[in-house]
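Comments concern the structure below.
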Amino acid sequence: MQLLNEQEIERRKDREALLQLGIDPYPALSYPINATSADIHKNYENRKNDYKNISIAGRLMTRRIMGSASFAEIQDSYGRLQIYVRRDDICPDEDKTLYNTVFKKLLGIGDFIGLKGFIFTTQTGEISLHVQEFTLLSKSIKPLPIVKRDDEGNVYDGFTDPELRYRQRYVDLIVNPEVKSTFVTRSKVISSMRRYFDDHGWLEVETPILQQVHGGAAAKPFDTHHNALDIPLFLRIANELYLKRLIVGGFEGVYEIGKMFRNEGMDRTHNPEFTSMEIYVAYKDYVWMMEMVEELLGQIASSVLGSTQAKVGEHIIEFAGPYKRLSMFEAIQEYTGIDVSTLDEAGLRKVCAALGIDVDDSMGKGKLIDEIFGEKVEDHLIQPTYITDYPIEMTPLAKKHRDKPGLVERFELFVNGKEIANAYTELNDPIDQRERFEEQLKLAARGDDEAMAMDEDFLRALEYGMPPTSGLGIGIDRLCMLLTDKSTIQEVLFFPQMKPEKRVKVATDEDFMEAGIPAALIPVIRELNIHTLDQLHTQNPSKLFNDVCGKRKKLKLNVANPSKEDVENWINGN
RNA sequence: GAUUCCGUAGCUCAGCUGGUAGAGCAUAACACUUUUAAUGUUAGGGUCCUGGGUUCGAACCCCAGCGGGAUCACCA
């Protein structure tokens with residue numbers, strides 16, 4: 001049972017009327033299509049002879065009815081096409097029902113129709129389809145928001161409320177074409193990335209999403225449970241440790257594009273599930289990886305945007321390499337003037353205090369440096385910049401730096417003040433790796449709930465030997481935000497996570513009758529805006545009795561008033 | 001999680017110092033054979049987010065809740 005507004009009731013009536021006329025509003029059929037809106041707009045002028053027998057389908061989006069002729073627009077998956085419908089063309093005989101009744105009255109905006117006819121150009125110069133035959137393919141019984149645009153592209157009555165747009169993305173996609181193009185771009189980003197990797201001979205793989213040990217990143221996982229095994233499982237926060245097992249297994253390069261899940265806050269840059277790409281290539285180090293990323297991003301930008309430059313907010317970002325490289329200590333020194341490279345934990349705490357950065361006792365040396373960096377440096381890194389050589393404490397899976405003690409071979413790529421990629425020369429010494437995990441356990445004991453857990457099977461794999469390997473992770477959603485110039489992650493996710501929609505359970509006629517209300521009085525109850533049983537049961541008996549009698553009179557219903565006792569019984573459920 | 005703003009017709013929004021709600025588009029009816037934000041005339045359409053409170057009287061003031069946006073905190 002749902003409450004219907006005027007327009008929804010009207011459309012349900014239209015559906016019934018169509019059935020009465022013997023027209024199935026939801027026919028089971030394939031409709032032949034030999035042209036698209038995009039194709040027609042692009043090629044009609046040059047190949048007019050090819051557009052005389054068009055069969056096309058789409059959603060009816062506007063109608064301009066002028067007596068016995070009408071203009072309308074249909075929207076297919078590529079765009080819109082104006083159609084011209086003339087009564088005597090589609091109703092050559094005496095019976096004009098198909099035009100006067102079906103087309104003009106029973107069709108509505110949002111309906112899918114199939115059309116046959118020929119393309120022509122109107123007096124006002126619009127390429128249009130002169131319709132000779134139309135078929136209803138699917139009736140829409142919920143009114144779409146109407147977004148109008150004039151010739152300059154100005155939008156009138158836009159469908160703009162983010163809540164409605166995200167909750168009903170299907171509507172957003174129908175009426176806001178630029179939303180559709182954002183997601184087309186997203187798809188192209190992923191496919192061109194995949195093409196780049198495939199062209200290099202690296203293998204696309206899939207690894208477990210349900211993991212017994214959550215590792216590979218510092219984050220809080222989602223818990224779940226496997227019934228048959230009766231064990232707890234985690235939704236993966238990363239797939240790094242599995243991909244490295246595959247390098248141990250002998251693949252030269254493996255990559256995975258997939259969802260990760262982190263049980264943390266949600267905002268304009270975080271969704272509980274997000275898409276990441278991780279790739280591991282054997283016999284390489286992080287220096288090689290920096291060059292690879294420059295080539296990869298340059299190529300993706302060119303193939304998606306047609307240029308290596310992207311407009312992002314106020315800035316023009318240049319994705320062609322080489323990118324600036326700064327070590328983490330250099331970066332901190334550059335933007336704070338402080339050399340933190342020689343400080344111990346106590347010294348770092350003093351620096352944080354001096355800079356006004358909040359810290360707590362669970363933070364180790366690595367985390368403190370990360371805090372300073374995040375607070376003072378990140379925002380300045382607009383053009384693609386590699387930050388390299390991180391403190392060992394914050395990076396338990398990277399190899400120790402070849403010549404800088406206390407650091408690891410790691411870089412993160414920052415663009416527009418945000419981290420979009422993270423890479424290491426991977427740690428492949430199993431003894432060192434075990435010690436690093438031990439350190440993580442100590443952090444966990446201090447209260448760091450994001451510290452990594454020991455993964456014995458991963459260590460066993462490393463003990464068999466892993467070749468020198470470089471690994472990279474890229475946040476696909478954030479990359480897409482950059483390349484589509486969107487400032488929120490919700491704009492590049494079809495269905496961002498939202499709080500549940502509150503749905504009231506609207507009582508049916510049967511529900512009300514079961515509560516003792518005579519069928520004839522149910523319209524009165526609804527007219528009083530009592531739509532749920534909860535509402536009914538919390539009414540004041542005297543007031544409801546008065547209201548019902550009053551409203552019955554007003555609605556001129558030919559039914560006896562209830563007694564006050566009757567009303568009390570409805571409310572008390574007797 | 002904190003702060004702050006917002007929630008009125010299917011959609012986008014008005015609504016003054018508190019006096020039972022308006023517009024445009026959409027919908028319905030009529031007119032109109034090349035329109036294009038089609039036009040003209042007319043009509044219908046509301047749980048003013050929910051629940052309390054103040055008041056003779058609340059869309060408006062107060063309190064609580066729900067949902068959303070923005071900023072901040074945490075993180076990717």
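What you see below is based on every heavy atom in this structure, not just the backbone, and it leaves out hydrogens, waters and symmetry mates. Order of the sequence lines sets the chain letters (A, B, ...), proteins ahead of strands, with each chain counted from 1.
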Closest to side chain of A/Arg63, choosing from B/U27, B/U12, B/G10:
B/U27
Of residues 409-417 of chain A, the positions that come close to RNA chain B - non-hydrogen atoms, cut-off under 4.0 Å
none
Under 4.0 Å, counting only non-hydrogen atoms across every strand here, what does A/Arg149 touch: a base, just sugar-phosphate, or nothing?
sugar-phosphate
Taking B/G46 as the reference, what is the distance to B/A23 when you measure between their C1' atoms (whole Å, please)?
15 Å
I'd like the C1' distance from B/U55 over to B/C66, given in whole Å.
26 Å
Name the nucleic acid region contacted by A/Gly158, choosing base, sugar-phosphate or nothing; use a 4.0 angstrom heavy-atom cut-off, strictly under.
sugar-phosphate
Base, sugar-phosphate, or nothing for A/Asn271, non-hydrogen atoms under 4.0 angstrom?
base
How far, in whole Å, is B/G45 from B/G1 if one measures between their P atoms?
42 Å
Answer yes or no: are there more than 12 heavy-atom neighbours, outside A/Tyr78 itself, under 6.0 Å from its atom OH?
no
Close N/O contacts between protein and nucleotides 31-35 of chain B (under 3.5 Å):
unit_1	atom_1	unit_2	atom_2	d
B/C32	N3	A/Ile65	O	3.4
B/C32	N3	A/Gly67	N	3.3
B/C32	N4	A/Gly67	N	3.3
B/U34	O2'	A/Gln123	OE1	2.6
B/U34	O2	A/Gln123	N	3.3
B/U35	O2	A/Arg64	NE	2.8
B/U35	O2	A/Arg64	NH2	3.3
B/U35	N3	A/Gln82	OE1	3.1
B/U35	N3	A/Gln82	NE2	2.9
B/U35	O4	A/Gln82	NE2	2.5
B/U35	O4	A/Thr122	OG1	2.8
B/U35	O4	A/Thr124	OG1	3.3

First locate atom CG of A/Leu241, then atom CZ of A/Arg236, and finally report the distance between them rounded to the nearest 0.5 Å.
12.0 Å
Who pairs with A/Glu178 by salt bridge (charged side-chain N to carboxylate O under 4.0 Å, His left out), at least two apart in sequence or on another chain?
A/Arg149
From C-beta outward on A/Glu6, which listed nucleotide comes closest to its side chain: B/A76, B/A28, B/G45?
B/G45
Please give the distance between the C1' atoms of B/C25 and B/A9 as a whole number of Å.
12 Å
Nearest to the A/Glu371 side chain among B/G68, B/C74, B/C25, which nucleotide is it?
B/C74
Please report, rounded to the nearest Å, how far the P atom of B/G44 is from the CZ atom of A/Arg11.
21 Å
Listed partners of A/Asp111 passing side chain to side chain donor-acceptor pair (under 3.5 Å), at least two apart:
A/Lys139
Can you see if the side chain of A/Arg262 gets near the phosphate of B/C74 - specifically, an N or O under 4.0 Å from OP1 or OP2?
no
Partner set under salt bridge (charged side-chain N to carboxylate O under 4.0 Å, His left out) for A/Asp161, not counting sequence neighbours:
none
Excluding sequence neighbours, so at least two apart, what forms ring pair (Phe, Tyr, Trp, His ring centres under 6.0 Å) with A/Tyr99?
A/Phe103
Please state how far atom CD in A/Gln168 lies from atom C1' in B/G68, giving the value in whole angstrom units.
14 Å
Which part of the nucleic acid does A/Ser70 contact within heavy-atom distance under 4.0 Å: base, sugar-phosphate only, or nothing?
nothing
Residues in side chain to side chain donor-acceptor pair (under 3.5 Å) contact with A/Asp14, at least two apart in sequence or another chain
none
Hey, does A/Thr488 reach any base, or is it just sugar-phosphate, or nothing, if we go heavy atoms under 4.0 Å?
sugar-phosphate
For nucleotides B/C11 and B/U17, find the distance between their P atoms and express it as a whole number of Å.
28 Å
CE of A/Met481 to CD1 of A/Ile489, rounded to nearest 0.5 Å, is 6.0 Å
Can you name the ring pair (Phe, Tyr, Trp, His ring centres under 6.0 Å) partners of A/Phe274, sequence neighbours left out?
none
Would you indicate what A/Lys105 reaches in the nucleic acid, counting non-hydrogen atoms under 4.0 angstrom: base, sugar-phosphate, or nothing?
sugar-phosphate
Using a heavy-atom cut-off of under 4.0 Å over every strand shown, decide if A/Arg165 touches base, sugar-phosphate, or nothing.
nothing
Six-ring centre of A/Tyr390, A/Arg410 cation under 6.0 angstrom, axis tolerance 45°:
yes
Looking only at atom P, what distance separates B/A59 and B/C48, rounded to whole Å?
8 Å
To the nearest angstrom, the CD-C1' distance between A/Glu10 and B/A29 comes to 11 Å
Of all pairs that satisfy side-chain hydrogen bond (donor to acceptor under 3.5 Å, both in side chains), the ones with a partner from residues 80-95 of chain A, not counting sequence neighbours:
A/Arg64-A/Gln82, A/Gln75-A/Arg80, A/Gln82-A/Ser128, A/Arg86-A/Asp89, A/Asp88-A/Lys96, A/Asp89-A/His130, A/Asp95-A/Thr97
Identify the pairs formed between an N or O of the protein and an N or O of nucleotides 1-8 of chain B at a distance under 3.5 Å, and give each distance.
none

For the side chain of A/Glu419, starting at C-beta, report the closest nucleotide among B/A73, B/A76, B/A28.
B/A76
Give one of base, sugar-phosphate or nothing for A/Asn422, where a contact means two heavy atoms less than 4.0 Å apart.
nothing
So what does A/Arg268 hit on the nucleic acid, given a heavy-atom distance under 4.0 Å: a base, only sugar-phosphate, or nothing?
sugar-phosphate
First encountered from the 5' end of RNA chain B, between A/Glu375 and A/Phe274:
A/Glu375
Which residues share a side chain to side chain donor-acceptor pair (under 3.5 Å) with A/Ser37, sequence neighbours left out
A/Asp76
Atom CD1 of A/Ile146 and atom P of B/U12: how far apart are they, to the nearest Å?
12 Å
Could you tell me whether A/Lys244 and A/Glu240 have a side-chain N and a carboxylate O separated by less than 4.0 Å?
yes
Pairwise C1' distance, B/U8 and B/U20 [rounded to whole Å]:
14 Å
If I pick the C1' atom on B/A14 and the same atom on B/G24, what distance separates them, to the nearest angstrom?
11 Å
Going by the rule ring pair (Phe, Tyr, Trp, His ring centres under 6.0 Å), which residues pair with A/Phe261 if we only count those two or more places apart in sequence or in a different chain?
none
